[in-house]
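The next block holds one structure in the form of structure tokens; read it before the comments.
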Amino acid sequence: EAQVTQNPRYLITVTGKKLTVTCSQNMNHEYMSWYRQDPGLGLRQIYYSMNVEVTDKGDVPEGYKVSRKEKRNFPLILESPSPNQTSLYFCASSLKVSSYEQYFGPGTRLTVT
Amino acid sequence: DQQVKQNSPSLSVQEGRISILNCDYTNSMFDYFLWYKKYPAEGPTFLISISSIKDKNEDGRFTVFLNKSAKHLSLHIVPSQPGDSAVYFCAARVYSGTYKYIFGTGTRLKVLA
């Protein structure tokens, strides 16, 4: 089944404790992206990757890191999480950067206390 | 600044009637407009798109209308079904060195049986 998977689905952590949210897709997509969803703000792009070893900042990259060492995986790293990073995170992928149809993972709800 | 706005946070419609979800935008450089549907605890799924050079696109019960002069698009669902109850996100694509996607804040549709 073609899908985007994210782990963990739920995470409660404390300020400053490094964490990684994994994202994997099995569709051989070139383009992958991370979004956060906050009440009243819609989905905002954090980082994106057009292919292996090619990543760039989205609209809200502060406090996040990403890497793209393999085509299928695009982990999101929070090296020192803060409470303002409490949010619902979605990973998405599409065939190419120009493909407007994105496939989203199920989401990761992160709470930073 | 919110370039894509969904001014109605929620909408209730009787089963069998028409649902109309609205979206306004400010950037005349958007080249594609998209609608995504999101169920609770799942990621958004692509529903329908429309190119900026078209004024209508239809897919089964779903039709999207684009009024460029008013910078307004709408999604019509006819007839509405209880399974359509979800949050609907409007999104737009713009090219600025790379393709970027701007999402609205979503409208929660409830179809009453």
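Lettering follows sequence order; numbering is per chain, from 1.
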Please report the closest heavy-atom contact between B:V4 and B:C23, naming both atoms and the distance.
-> CG1-SG, 3.4 Å

Contacting region of B:Y36 [heavy-atom separation from chain A under 4.5 Å] = side chain

Linking I/L/V/M/F/W/Y whenever their side-chain heavy atoms sit closer than 4.5 Å, directly or via other members, would A:L88 and B:F103 fall into one cluster?
-> yes

Spell out the residues in residues 95-108 of chain A that have some non-hydrogen atom less than 4.5 Å away from a non-hydrogen atom of chain B, in order of number; otherwise answer 'none'.
-> A:V97, A:S98, A:S99, A:Y100, A:E101, A:Q102, A:F104, A:G105, A:P106

Could you list which of residues 62-95 of chain B have a heavy atom closer than 4.5 Å to any heavy atom of chain A, in residue-number order?
-> B:F89, B:R93

Are A:F90 and A:Y48 co-members of a hydrophobic cluster defined by side-chain heavy atoms under 4.5 Å apart?
-> yes

Quick one: OG1 on A:T15 to CG on A:N84, what's the gap to the nearest 0.5 Å?
-> 9.0 Å

Flag, side chain of A:T113 to backbone of A:T13, donor-acceptor distance under 3.5 Å | yes

Given the rule that I, L, V, M, F, W and Y join up when any side-chain heavy atoms are under 4.5 Å apart, are B:Y99 and A:I46 in one cluster?
-> no

From B:E42 atom CD to B:K37 atom NZ, the distance as rounded to the nearest 0.5 Å = 9.5 Å

Please report the C-alpha distance between B:V13 and B:L11 in whole Å, then the side-chain angles of each, then the deciding distance to 0.1 Å, and finally whether the side-chain contact (heavy atoms from CB on, under 4.5 Å) criterion is met.
-> CA-CA 7 Å; B:V13 171; B:L11 174 69; 4.0 Å; yes

Distance-minimising heavy-atom pair for A:Q85 and A:L110 | O-CD2, 3.7 Å

Using a 4.5 Å cut-off on heavy atoms from C-beta on, say whether the side chain of B:N22 contacts that of B:N7.
-> no

From B:S28 OG over to B:Q3 CD, what is the distance, rounded to the nearest 0.5 angstrom?
-> 10.0 Å

Using the six-membered ring wherever Trp is involved, compare the ring planes of B:F33 and B:Y25 and label them parallel, tilted or perpendicular (cut-offs 30° and 60°).
-> tilted

Please list, in residue-number order, every residue in residues 18-39 of chain A that has a heavy atom less than 4.5 Å from any heavy atom of chain B; write 'none' if there are none.
-> A:Y31, A:Y35, A:Q37

Please look at A:R9 and chain B and tell me whether the side chain, the backbone, both or neither of the residue comes under 4.5 angstrom of a heavy atom of that chain.
-> side chain

Without swapping roles, check the side chain of B:S51 against the backbone of B:I53 for a donor-acceptor pair under 3.5 Å.
-> yes

Assess whether atom CZ of A:R44 is packed by more than 12 heavy atoms of other residues, nucleotides or ligands within 6.0 Å.
-> yes

Tabulate, in ascending numerical order, the residues of residues 57-78 of chain A having at least one heavy atom closer than 4.5 Å to a heavy atom of chain B, or enter 'none'.
-> A:G58, A:D59

Sub-4.5 Å side-chain heavy-atom contact between A:L43 and B:Y101 = no

Nearest atoms (heavy-atom pairs only) where B:S19 meets B:L109 = OG-CD1, 3.6 Å

Backbone N or O of B:S49 within a donor-acceptor pair of the B:N57 side chain at under 3.5 Å?
-> yes

Shared hydrophobic cluster for B:Y32 and B:I50 (ILVMFWY, side-chain gaps under 4.5 Å) = no

Considering only heavy atoms, which portion of B:T98 lies under 4.5 Å from any heavy atom of chain A: side chain, backbone, both, or neither?
-> side chain

